[in-house]
Amino acid sequence: MLSGLTTLRPIRFTNVNAMPNITVSPYQAVAVHSLLGFMYTKPISFSKVPHILLIFALTMLASSSIWAQVGWNKAYENGLVVSAEGVASEVGRHILQQGGNAVDAAIAVQFALAVTLPRAGNLGGGGFMVVHMADGTVASLDFRERAPGLAHRDMYLDSGGNYLSDLSKTGALAVGVPGTVDGMVNAHARFGSLPWADLVAPAIALAREGYALSYSQASSLNYTGSVFAPFEASRKYFWAPCEKLSVSTNTAKATNLAMASNAAKATNTAKAANTSTSNVTNTARANDPGAKAAIMSGKDTEKPSGEACRAFEEGEHFQQTDLARTLEAVAEKGREGFYGGWVADRIVQTMEKYDGLISHEDLKAYESVWREPYEVDFRGYRLHIMPPPSSGSIAVGQILRMMETQELDSLEHHSAAYYHLLAEAMRRAFADRAHYLGDPDFYPVPSQALSESDYAAERMASFDPDRATPSNKIRHGQISMLKESDETTHFSIMDAQGNAVGITTTLNGSFGSKLAVDGAGFLLNNEMDDFSAQPGTPNMFGLLGGEANAIAPGKRMLSSMTPIIVSKDGQVRMVAGAAGGPRIITATLQNVLNVVLFDMNAQQANAAPRIHHQWYPDRLLFDPMSLSADTQDLLCAKGHSLAQTTLARVHSIVVDSQGRLTGGVDPRGDGYAAGY
């Protein structure tokens, strides 16, 4: 094992009431083999360099397997981070231990996930943040992507008005103006306590020094590999090189590396740069730090046929030196390091090369926005939810109010009657979502009218406890008026002072548009697909949309991301959110119901079976191996069309009756809880 490093052990919980019949996914610990004293190739001014080195040390795990925590609940007194990836969770935990608050930890986790979870963590995407501070301040930050200035309503239609769906999913035309970096800068300015550069530093170190790919990380890169083929930079970064990096991932070799001198490493790095490209190219690109990093990391990644030479392997060392350079620019210059300077130049060059729309003006004009959280009162609890353009807030509120019109307390969890009521409420809420919801800066979203109890009763007037209402019989309700991939990711954080943060962030589809920014090392989103490119036509997740979500320059697309903070008597009791496209809404809702209504602990609530209905297509989805044959028969007899699929991945924190923090890690994924 590397000297001075900490090996993480599986977290064992103490409550024996685990939910059965849930498949557990293995989590492979990430290992990083580096020289602890050699982190950066150019100086960055950090106020607490020793603690940055310690953060980095804690993120470098030994090469042994650990598992996603399932079953029992372990409680923590001082702080807890629950995310989709182990190293990122450890980064957040150490920020908390160094005196940072929950927002500081959230910023560090966001940047770490951009390195260790490239299919969803991001610089080139966006997301939502909900914050509940210990002083009672509650706020929500919208750093959702925006349509470029040249975007227009019919940009994905041919001359005959036919929807060209691939254009909104893959390549430069699918990309919205990224919001992640501006959002993190904005959050830090309002709530941060540690120096900005300290929060970006762990991600820089992870990108530069690299880490060992877990089985799931390697598999996701290999599975998506063919879709990277049209884009040179994407092939360079995300195809396995013909030759593996010489850095090994076994402990013995790692120890040898740790003992090597900094001077030797610097010499080797210089030699690698000289052998990867010509001196002429080096000179021509010397003024572009992104280009310098590309020179350092350049390797043949493909056969002449345009196919990857080989597949990534579990345990293979994965470095992202161009991404490290981009993160260094962000650490040094904040917002300007991404939306200006050489990084912005590279983004615009990528757009020009592949016929995209984003300009320097779009990047300069981007602003994240603080919005008033949408609030729902339910059974003595208050839910603070991200408001529109998140569609989850109003949908969750509607579903809860519609369920309350029935005899909810008489229904048992996991019963056919309970799932039938839940599905019928979901069906009606999603019908309203398609018609009424969009960017409130462009469209008068009728949030108040949709949230009225009388309206909920009206929507449920057609509810039959014995029979499903066909979706073709359900339309949006009449009121008086003045979508994401499975590869979204959510993380929940609480600190010792009682501050809480929930962030859901995404590139939309897995690896977004599949288009990477050459020289900058990060992928761009395909969020433009979340607009209603042709109202009435389903997007990549089968969601229908209307005029409220039509494309317009500068507009934010509707989203299913639904970070929620639940409080009682002014104190945070729960933080939750999910990954999984429109299933985010229903999974997060059911997680809250499991805790509030059925008194489950954090892990039970996550492991419990889920269902999902989104109006169209008209089918009731459920977790594999979760509903008994009898329950399925009863639901079918009520007229439901059933289908099995994995339903989202929730990462949550629940405060127990003793005030301790407990983590809910979804067994459907590779999540990890890190607390102290």
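Note that this is a predicted model, so its numbers are computed, not measured. Just so you know, residue 1 is the first one in the sequence shown, and it goes up from there.
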Of all residues at least two apart in sequence or in a different chain, which pass the salt bridge (Lys or Arg N to Asp or Glu O under 4.0 Å) check with Asp630?
-> none
Show your working on side-chain hydrogen bond (donor to acceptor under 3.5 Å, both in side chains) between Gln603 and Thr662 and close with a plain yes or no.
-> CA-CA 8 Å; Gln603 198 54 43; Thr662 64; over 6 Å; no
For the pair His414 and Tyr419, name the ring-plane relationship: parallel under 30°, tilted 30 to 60°, perpendicular over 60°.
-> perpendicular
Separation between CG (Leu627) and CG (Leu635), nearest 0.5 Å, reads 6.5 Å
Tell me, with the steps shown, if Arg382 and Ser567 meet side-chain hydrogen bond (donor to acceptor under 3.5 Å, both in side chains).
-> CA-CA 5 Å; Arg382 175 159 292 179; Ser567 66; 6.0 Å; no
Is NZ or CZ of Lys568 both nearer than 6.0 Å to the six-membered ring centre of Tyr381 and within 45° of the ring axis?
-> yes
So, are Arg649 and Asp670 salt-bridged, with charged N and O less than 4.0 Å apart?
-> no
Do Ser89 and Ser83 have a side chain donor and acceptor closer than 3.5 Å?
-> yes
Run the salt-bridge test on Arg459 and Asp432 with the 4.0 Å N-O cut-off and return the result as yes or no.
-> yes
Under the 3.5 angstrom rule, does the side chain of Asn526 hit a backbone N or O of Gly509 as a donor-acceptor pair?
-> yes
dist Ser657:OG -> Asn601:CG (nearest 0.5 Å) comes out at 11.0 Å
Just by distance, do the side chain of His420 and the backbone of Leu634 share a donor-acceptor pair under 3.5 Å?
-> no
Picking from Val592, Leu593, Val396, what satisfies side chain to side chain contact (heavy atoms under 4.5 Å, CB included) with Phe378?
-> Leu593
Find out whether Gln614 and Met426 are in side-chain contact, i.e. whether some heavy atom of one side chain is under 4.5 Å from a heavy atom of the other.
-> no
Rounded to the nearest 0.5 Å, the CD atom of Gln398 sits from the CD1 atom of Ile585 at a distance of 10.5 Å
Any donor-acceptor pair under 3.5 Å from Trp615 side chain to Ile474 backbone | yes
Near-ring test Phe511/Phe228, centroid separation under 6.0 angstrom = yes
Could you walk me through whether Phe312 and Phe318 pass the ring-ring contact (aromatic ring centres under 6.0 Å, His included) test, one step at a time?
-> CA-CA 9 Å; Phe312 282 108; Phe318 188 62; 5.7 Å; yes
Which pair of non-hydrogen atoms, one from Arg119 and one from Ser220, has the smallest distance, and what is that distance?
-> NH1-OG, 3.6 Å
Could you list the residues that satisfy side chain to side chain contact (heavy atoms under 4.5 Å, CB included) with Thr645, not counting sequence neighbours?
-> Arg583, Leu621, Leu647
Before accepting this row, confirm whether a basic side-chain N of the pair Glu527/Arg556 lies closer than 4.0 Å to the acidic partner's carboxylate O.
-> no
Please report the shortest heavy-atom distance between Met386 and Met129, naming the atom on each side.
-> SD-O, 4.0 Å
Would you find a donor on one side and an acceptor on the other, under 3.5 Å apart, between the side chain of Glu145 and the backbone of Gly126?
-> yes
Student check: side-chain heavy atoms of Tyr211 and Val87 closer than 4.5 Å = no
Taking the side chain from Glu407 and the backbone from Ser410, do they hold a donor-acceptor pair closer than 3.5 Å?
-> no
Looking at residues at least two apart in the chain, or sitting in another chain, which of them share a side chain to side chain contact (heavy atoms under 4.5 Å, CB included) with Gln110?
-> Asn122, Phe143, Thr180, Met184, Phe491, Ile503, Thr505
What are the two closest heavy atoms between Tyr672 and Val665, and how far apart are they?
-> N-CG1, 3.7 Å
Where Leu80 and Gly663 come nearest, the two heavy atoms and their spacing | CD2-N, 3.4 Å
Tell me, which pairs form a salt bridge (Lys or Arg N to Asp or Glu O under 4.0 Å) where one or both residues lie in residues 596-621, sequence neighbours left out?
-> Arg427-Asp618, Arg610-Asp666
Short question: side chain of Ser415, backbone of Glu412 - any donor-acceptor pair under 3.5 Å?
-> yes
Is any NZ, NE, NH1 or NH2 atom of the basic residue among Arg379 and Glu404 found under 4.0 Å from an Asp or Glu carboxylate oxygen of the other?
-> yes
Tyr418/Phe598 aromatic ring centres below 6.0 Å = yes
Side-chain contact, heavy-atom cut-off 4.5 Å: Ile399 with Arg428?
-> no
When you measure from the side chain of Thr586 to the backbone N and O of His612, does any donor-acceptor pair fall under 3.5 Å?
-> no
What do you reckon, are the aromatic ring centroids of Phe430 and His613 less than 6.0 Å apart?
-> no
What are the two closest heavy atoms between Ser447 and Ile394, and how far apart are they?
-> OG-CD1, 3.5 Å
When you measure from the side chain of Thr405 to the backbone N and O of Ala457, does any donor-acceptor pair fall under 3.5 Å?
-> no
Do Leu113 and Thr489 come within less than 4.5 Å of each other through their side chains, counting heavy atoms only?
-> yes
Can you tell me if Thr631 and Ser628 form a side-chain donor-acceptor pair at under 3.5 Å?
-> yes
How would you list, by chain and number, every residue that makes a side chain to side chain contact (heavy atoms under 4.5 Å, CB included) with Val376, sequence neighbours excluded?
-> Tyr374, Leu383, Ile385, Leu400, Arg401
Find out whether Val655 and Met494 are in side-chain contact, i.e. whether some heavy atom of one side chain is under 4.5 Å from a heavy atom of the other.
-> yes
Looking only at atom types and distance, does a side-chain atom of His651 sit under 3.5 Å from a main-chain N or O of His490, one as donor and one as acceptor?
-> yes
Should Val654 and Val575 count as side-chain neighbours, where that means a heavy-atom distance under 4.5 Å?
-> no
Check whether any side-chain heavy atom of Pro389 lies under 4.5 Å from a side-chain heavy atom of Asp142, and answer yes or no.
-> yes
Of all heavy-atom pairs linking Pro387 and Arg371, the shortest is CG-CB, 3.8 Å
Counting distance only, does the side-chain N/O of Asn606 pair as donor-acceptor with the main-chain N or O of Val650 below 3.5 Å?
-> yes
State which residues pass side-chain hydrogen bond (donor to acceptor under 3.5 Å, both in side chains) with Asp656; sequence neighbours excluded, sorted by chain then number.
-> Arg660
